[in-house]
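These notes concern the structure reproduced below.
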Amino acid sequence: MRYVIIGAGAVGGVVGGRLAEAGHEVVLVARGAHHDALRDHGLRLRVPEGELILRIPVVDGPDALGELRPDDVLVLAVKTQDTEAAVRAWGPAPVAGGGTAAERLPLVCAQNGVESQRLALRLFRRVYGVCVWLPCTYVEPGVVSAAGAPLTGILHLGRHPHGTDETARRIAADLEKSHFEAPVVPDVGRWQYAKLLANLGNAVEALTGPVAGDEAMALLGRVQEEGRAALEAAGIAYATPEEQRAVRGDKVTLVPLDGVPRGGGSSWQSLARGTGTIESDYLNGEITLLGRLHGVPTPLNELLQHLAATFAREHREPGSMPVAELVRRADEATAHTAG
């Protein structure tokens with residue numbers, strides 16, 4: 001199989017780089033300065049064993065790649081806000097022997113949140129979800145890093161909306177030869193919703209910096225409690241903390257990388273790169289949506305969704321809001337809802 005990594009940023013770049021390093025055929029898809037750096041200098045993948053320079057073919061879209069192959073696997077690793085544009089660009093791409101990518105090829109959504117698979121399934125017949133446990137960073141064109149050891153990450157994989165098949169098992173086998181653990185599960189959504197609860201803190205980190213100290217941790221606890229209440233009201237199952245700890249163990253331990261400070265997660269990195277967009281609509285916003293659908297108040301997640309989007313739109317520095325200010329606004333939002 002050939003892996004076409006649509007969105008070769010942090011997750012896509014690390015997954016594609018590790019697959020290529022293990023000898024699998026990979027094509028990276030990127031745009032702008034990142035595309036040019038990958039084309040001119042190769043992918044610089046910084047991992048605990050050092051910096052790898054990987055010369056991997058790179059294109060800026062389906063037209064540049066040309067006719068797809070029947071053995072291609074499309075790995076969608078863009079942020080959720082970019083999913084619809086990506087699937088509409090790649091869905092009509094022709095496949096050798098007839099038909100289109102949407103009709104014939106598997107699309108693997110390696111993204112945060114839960115919305116991308118639903119968007120993709122409108123166009124693609126075969127959609128797979130991934131629960132991405134992969135600490136990685138992309139803030140500089142052409143360079144991605146992953147600090148996990150001994151494994152780079154754990155990627156639960158399954159069909160969307162449920163089930164498994166031989167394609168999922170073949171993809172998992174390739175990932176497991178490439179520094180990942182990749183359990184194939186019939187209920188990948190349970191793992192993704194559990195990850196969603198953890199990702200509710202992404203906006204807190206993007207706004208205030210690393211979530212540490214009593215004030216920030218207490219706020220994060222309140223935000224996640226809203227999330228659990230919304231999921232339970234909606235009847236949505238999610239993996240328990242005990243299940244997650246049992247799977248993770250000490251398999252993905254962060255190792256300091258020379259010259260690679262880990263400033264923050266995916267939302268923090270979007271602000272650091274000045275992209276102008278952020279995924280809070282599909283993280284905190286997913287809880288806001290469920291709360292509105294099922295009559296559960298979610299003022300804290302609504303506040304974080306709005307503030308993170310404002311920071312992105314105004315190109316504000318990540319971590320520039322004092323924790324005390326965010327807590328004050330959170331208290332006001334909660335009091336207003338209660339009143």
Side-chain angles (χ1 to χ4, degrees), residues 5 7-19 21-22 34 43-52 54 75 77-80 108-113 129-140 142-157 175-176 178-183 191-192 194-206 208-212 216-217 220 224 239 241 243-273 275 278-280 282-283 318-319:
I5 311 293
V11 170
V14 171
V15 171
R18 282 303 204 185
L19 284 167
E21 179 200 8
H34 190 44
L43 174 68
R44 294 167 59 192
L45 174 60
R46 294 172 173 170
V47 287
E49 58 265 40
E51 180 172 291
L52 310 175
L54 301 168
V75 179
V78 299
K79 294 291 194 299
T80 303
V108 179
C109 296
Q111 300 161 283
N112 285 333
V130 180
C131 177
V132 181
W133 284 339
L134 170 54
C136 53
T137 301
Y138 159 53
V139 292
E140 177 186 349
V143 183
V144 298
S145 62
L151 294 177
T152 298
I154 301 176
L155 308 173
H156 284 74
L157 173 69
L175 290 169
E176 294 200 335
S178 308
H179 295 269
F180 296 100
E181 186 170 292
W191 298 92
Q192 290 177 309
K195 177 74 180 331
L196 173 66
L197 289 174
N199 285 145
L200 297 181
N202 285 23
V204 178
E205 179 187 58
T208 68
V211 181
M217 292 302 296
L220 175 58
Q224 291 176 331
E243 287 179 277
Q244 296 175 72
R245 284 194 294 269
V247 169
R248 291 183 183 182
D250 57 359
K251 299 172 185 174
V252 185
T253 300
L254 296 186
V255 176
L257 301 179
D258 290 342
V260 187
R262 178 169 164 79
S266 56
S267 297
W268 185 96
Q269 292 170 41
S270 291
L271 294 183
R273 295 199 310 274
T275 61
I278 199 166
E279 59 191 339
S280 59
Y282 300 98
L283 300 178

Counting distance only, does the side-chain N/O of Glu205 pair as donor-acceptor with the main-chain N or O of Gly265 below 3.5 Å? yes

I need the minimum non-hydrogen distance between Gln111 and Val78, along with the two atoms involved. NE2-O, 2.8 Å

CD1 of Ile154 to CD of Gln244, rounded to nearest 0.5 Å, is 10.5 Å

For the residue pair Tyr138 and His34, does the interplanar ring angle fall in the parallel (under 30°), tilted (30 to 60°) or perpendicular (over 60°) class? tilted

Can you tell me how far the CD1 atom of Ile278 sits from the CG atom of Leu271, to the nearest 0.5 Å? 4.0 Å

Once you round to the nearest 0.5 Å, how far does CG of Leu45 lie from OG1 of Thr152? 7.5 Å

Quick one: do Glu176 and Lys251 make a salt bridge, cutoff under 4.0 Å? no

Please round to the nearest 0.5 Å and tell me the distance separating atom CD of Gln224 and atom CG of Leu196. 10.0 Å

Measuring from atom CG of Leu175 to atom CG of Leu151, what distance do you get when rounded to the nearest 0.5 angstrom? 11.5 Å

Could you walk me through whether Val130 and Val132 pass the side chain to side chain contact (heavy atoms under 4.5 Å, CB included) test, one step at a time? CA-CA 6 Å; Val130 180; Val132 181; 3.9 Å; yes

Exam field: side chain Gln269 to backbone Cys136, donor-acceptor pair closer than 3.5 Å: yes

Nearest non-hydrogen partners of Leu283 and Gly113, listed with the distance: CD2-N, 3.8 Å

Determine, step by step, whether Glu21 and Ser178 satisfy the side chain to side chain contact (heavy atoms under 4.5 Å, CB included) criterion, reporting the C-alpha distance in whole Å, the side-chain angles of both residues, the deciding distance to 0.1 Å, and the verdict. CA-CA 7 Å; Glu21 179 200 8; Ser178 308; over 6 Å; no

Side chain to side chain contact (heavy atoms under 4.5 Å, CB included) for Leu19 and Phe180? Distances and angles first, verdict last. CA-CA 10 Å; Leu19 284 167; Phe180 296 100; 5.6 Å; no

Heavy-atom nearest pair, Gly9 first then Val144, reads O-CG1, 3.3 Å

From CA spacing to verdict: side chain to side chain contact (heavy atoms under 4.5 Å, CB included), His156, Lys195: CA-CA 11 Å; His156 284 74; Lys195 177 74 180 331; over 6 Å; no

So, taking the atom named CG in Leu257 and the one named CD in Glu49, what distance separates them when rounded to the nearest 0.5 Å? 9.5 Å

